[in-house]
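Heads up: the structure comes next, in structure tokens.
The analysis underlying the following values was restricted to heavy atoms, covering all of them including side chains, and did not include hydrogens, waters or symmetry mates. The sequence lines fix the lettering, A, B, ..., with proteins before strands; numbering per chain opens at 1. Please read these numbers as outputs of a predicted model, since none were measured by experiment.
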Amino acid sequence: MKYQANKIEKKWQKYWEDNKTFEVVVDSKKDKFYGLVEFPYPSGDGLHTGHLRSYTALDIVCRKKRMEGFNTLYPMGMDAFGLPAENYAIKTNTHPQITTRKNIDNFVRQLKATGFAFDWSRFIETTDPKYYKWTQWIFIQMFKKGLAYKSSENINWCTSCKIGLANEEVVAGTCERCGGEVIKKEKEQWMLKITNYADRLIDGLDNINFLDTIKKQQSDWIGKSQGAEVDFAIKDSEEKLKVFTTRPDTLFGATFMVIAPEHPMLENLDIKNITEIKEYQETSAKKTDIERSSEDKDKTGVELKGLKAINPVNNEEIPIFVADYIMMGYGTGAIMAVPAHDERDFVFAKKYNLKIKEVINDNNIAINSGEFNGLDIEEFKQKIVKWLEDKKIGKATVNYKLHDWIFSRQRYWGEPIPMIKCTECGWLPVPENELPVSLPEVDDFKPGDEGESPLTKVVDWVNTTCPKCGKFAQRETDVMPNWAGSNWYFVRYLDPQNENKLIDKDKADYWLPVDWYNGGMEHTTLHLLYSRFVYKFLADINVVPKDSKIGDEPYTKRTAQGMILGEGGIKMSKSKGNVINPDGYLEKYGADTVRVYEMFMGPFDQSIAWDDKGVNGVYRFLNKVWDLQDKVVDQPIMMSSDRTKGHKKLEERQKELNLKIEDLERLLNKTIKKVGEDIDNMKFNTAVSQLMIMVNELDRWIEIKQDIFEKFVLILAPFAPHMAEEMWQALGNKKSLTDQAWPEYNQDLAQDDKVVIGIQVNGKVRDDIELDFDTEPSEDLQVEILTREKIARNLEGKEVVKFIHIKNKIISIVAK
RNA sequence: GCCGGCGUGGUGGAAUUGGUAGACACGCAGGACUUAAAAUCCUGUGGCAGUAAUGCCGUAUCGGUUCAAGUCCGAUCGCCGGUACCA
């Protein structure tokens with residue numbers, strides 16, 4: 001019978017759904033496995049090949065874990081708040097609710113058509129009020145703990161989206177979403193104190209199994225640096241200029257100071273050339289971040305005339321400059337400049353002819369540093385900090401690049417921030433029994449020109465009463481960023497219907513933490529970092545448990561898939577028109593082909609170009625597998641004379657090829673071992689190639705023993721589950737193979753009994769020899785090797801100086 | 001600039017982690033089947049020379065360590081990712 005992918009795929013998708021095959025519940029008798037992939041944003045373009053790569057990989061992992069006896073949870077949902085739906089609404093006046101609904105339905109259809117082993121009973125949507133009730137609840141808990149606060153910030157402002165952005169959302173000075181220009185703008189914003197968790201977010205990385213690059217990117221992003229704060233007095237003034245430095249050992253070399261243009265102190269000082277300074281402030285405020293940092297490191301600045309700072313270690317009077325190579329957002333927004341030991345300060349000093357004073361020699365020993373001369377810099381650092389602390393002009397400090405998280409968006413399609421402002425009582429959370437604060441209907445989705453949320457126009461929603469004093473009060477009109485719903489979604493999967501609690505404790509204790517989380521590298525300093533922070537907070541307020549091994553970390557293991565590029569290796573994008581929609585392939589070849597192709601195309605963690613020819617190759621492979629069924633028999637009588645009809649030629653060939661059932665058994669065991677190990681190590685491409693090797697071998701046989709074929713079907717199942725189920729049934733099995741045990745292999749049989757090893761003469765392979773596995777080096781063998789014709793010929797006229805035999809690996813002869 | 005990663009046939013890639021480089025697949029060439037095409041099957045396929053056996057060369061480039069290097073070390077070139085005046 002011909003392989004008809006569509007027919008059998010629909011059949012088994014229906015079977016899994018009808019039988020609730022992948023729905024799981026807490027079962028304390030079984031070990032659990034919680035596999036997770038990033039839930040998609042349901043865009044209008046539908047699921048793309050990148051989603052499928054990630055989802056298929058963990059689907060394979062989860063299906064195997066299940067066969068290994070784990071109570072395996074693999075959930076899915078939709079991260080459905082976000083800008084595209086809202087921008088589309090502005091353009092076409094279609095409510096985001098409508099677009100989102102349509103897109104979700106399409107995504108679900110595509111996911112089901114690919115045959116993922118999702119527990120659909122746990123499906124969640126972040127836009128569902130029953131869901132975002134708890135997103136709002138988390139915000140209120142943070143507010144109560146002082147982790148959410150409102151502040152006027154100089155924020156990143158996307159001029160095109162008219163929206164404030166977190167640092168993490170600014171990519172090379174442009175908006176992560178639309179690529180628009182990002183400028184600085186002063187705005188009142190809700191902030192989350194992620195910085196309180198900075199150390200825990202770094203330390204937590206030690207015990208979890210994340211890819212090294214992910215750990216590194218996260219800790220670089222948090223950017224912890226140890227140093228000191230030092231106060232510099234200003235001559236004839238009460239004011240002090242506080243700086244942060246990681247090199248307090250170079251204090252004696254500080255020959256001038258530089259402060260950021262936004263530094264508040266500029267308002268209070270008596271500066272002679274104040275108009276010049278103001279002009280400078282204005283020009284740098286107009287620069288975007290990208291301009292400010294891309295001017296080939298050329299540095300501009302203006303000296304504050306009439307003012308001098310005093311270097312506390314030697315009482316030297318030094319000039320003060322304002323320059324925009326100093327950022328207000330890091331440290332104190334002011335530095336002591338040490339041109340001899342800092343490249344940037346050096347460039348600046350050269351340009352403005354400032355004094356350069358060396359204080360550390362080539363051997364890292366202090367010079368020109370008064371009483372500290374001769375000290376090694378590490379020792380110097382400690383002593384000088386102590387000295388500063390004793391004089392109360394400085395102290396050891398830690399600084400982070402990480403900033404608090406700007407958590408409000410002046411937009412419509414997001415979770416309303418559940419806060420109320422009363423002119424008398426200040427900001428108050430909406431009482432928890434009134435949650436969720438539902439997103440009201442509006443007609444006009446456009447934000448105001450100054451970036452007011454569209455919600456400001458819904459007057460009867462905005463106006464309310466103060467939960468404390470009962471007088472007139474107004475609701476917050478900003479909404480949460482699109483990351484809010486994804487911060488904690490993997491917790492809600494475990495108890496998606498609970499109306500009274502975010503999650504039931506027993507369920508949290510059983511399922512958490514996530515055992516394996518796969519997603520994109522692009523989320524490393526966004527979602528992945530945010531969700532670790534929120535989870536730690538949830539652990540602090542006892543909503544989620546602390547794990548005995550990894551503590552308050554949500555994910556035991558994190559991996560990332562490489563991007564799929566368009567044909568020819570160009571990034572897929574709508575504008576280039578090279579986006580590959582899986583629908584056509586699912587229809588033409590079937591889900592199993594798409595799944596196996598995506599796994600076979602290359603190393604999982606590497607970017608790789610889509611190739612239609614490759615898809616076809618996999619389709620050929622699956623057809624070959626399908627055709628093997630016809631050869632399966634209970635009692636193979638391979639060479640028997642009564643089975644000759646039509647196979648005469650093949651039988652002769654079989655004899656010629658010397659097919660032995662023992663060799664096939666060995667290959668099977670080897671394949672079970674390799675496929676299993678490769679899945680665990682995410683080496684899906686070589687797992688598939690091993691399956692191909694097995695199939696190529698089976699294909700040479702006239703008849704295949706049923707038990708061999710059954711085992712093969714079981715290890716194929718995670719990759720091509722529909723075909724595997726269909727063949728499994730055809731083999732006479734009544735039940736789905738999803739609960740069959742993963743086949744075991746025999747270690748002895750997983751190893752060939754013979755090995756062919758090379759024989760080298762002076763480093764060049766001249767011959768090879770077949771030996772029994774584990775043949776030990778011996779005199780006899782040496783004699784035999786040396787007398788082999790090819791070897792003897794190459795040794796002619798030479799004397800053997802060394803004879804090396806590494807068991808199962810190589811024989812190497814050195815001759816002169 | 002700094003920090004990571006990578007560089008292997010015409011192509012995607014394998015290589016038990018120092019042990020016969022090129023598994024598996026795509027493509028290509030030749031052949032079988034067919035009126036023909038598609039599909040399928042068989043054979044070949046790193047380069048150069050040779051009918052062949054075989055020889056020489058070959059994992060970005062140059063050098064080193066080793067009986068043995070795609071793998072380790074040093075330098076250079078190139079590509080990709082992260083980050084960006086972080087004090």
If we take the [atom1] atom in both [N] and [M], what is their distance in whole Å?
N	M	atom1	value
B:G70	B:U17	C1'	12 Å
B:G5	B:A60	C1'	16 Å
B:C56	B:C3	P	44 Å
B:A69	B:G74	C1'	15 Å
B:C26	B:U20	P	26 Å
B:A53	B:G46	P	13 Å
B:A14	B:G22	C1'	7 Å

Separation of B:C86 C1' from A:Met328 CE (nearest whole Å): 14 Å
Gap between atoms CG and P, on A:Asp324 and B:C85 respectively (whole Å): 11 Å
Of A:Trp610, A:Tyr585, A:Phe719, the residue whose pairing with A:Tyr597 passes ring pair (Phe, Tyr, Trp, His ring centres under 6.0 Å): A:Trp610
Please list residues of [range] whose heavy atoms come under 4.0 Å from any atom in RNA chain B, ordered by number; otherwise none.
range	value
residues 669-682 of chain A	none
residues 800-816 of chain A	A:Lys802, A:Ile804, A:Ile806, A:Lys809, A:Ile810, A:Ser812, A:Val814
residues 683-694 of chain A	A:Lys683, A:Asn685, A:Thr686, A:Ser689, A:Met692, A:Ile693

NZ/NE/NH1/NH2 to OD/OE distance under 4.0 Å, A:Lys613 and A:Asp611: no
Sugar-phosphate only, base, or nothing, as touched by A:Gly617 at under 4.0 Å among non-hydrogen atoms: sugar-phosphate
Ring geometry between A:Tyr530 and A:Trp405 (parallel below 30°, tilted from 30 to 60°, perpendicular above 60°): parallel
With a 4.0 Å cutoff (strictly under), does any side-chain N or O of [X] reach OP1 or OP2 of [N]?
X	N	answer
A:Arg344	B:A87	no
A:Asn623	B:A39	no
A:Arg766	B:U54	no
A:Arg793	B:A53	no

Proximal nucleotide (of B:A87, B:U83, B:A68) relative to the A:Ile335 side chain: B:A87
Selection from B:C57, B:A25, B:C85 that lies nearest to any side-chain heavy atom of A:Lys764: B:C57
Tabulate atom names and distances for all N/O pairs under 3.5 angstrom spanning the protein and nucleotides 2-8 of chain B.
| unit_1 | atom_1 | unit_2 | atom_2 | d |
| --- | --- | --- | --- | --- |
| B:C3 | O2' | A:Lys216 | NZ | 2.4 |

Minimum heavy-atom distance between A:Thr671 and A:Ile715, given as atom pair plus value: CG2-CD1, 3.7 Å
Torsion-based syn/anti label for B:G9, 90° from 0 as limit: syn
Set of residues satisfying side chain to side chain contact (heavy atoms under 4.5 Å, CB included) with respect to A:Val765, sequence neighbours excluded: A:Gln760
Validation: residues 598-608 of chain A side-chain donor-acceptor distances under 3.5 Å, sequence neighbours left out:
| unit_1 | atom_1 | unit_2 | atom_2 | d |
| --- | --- | --- | --- | --- |
| A:Glu598 | OE1 | A:Arg53 | N | 3.0 |

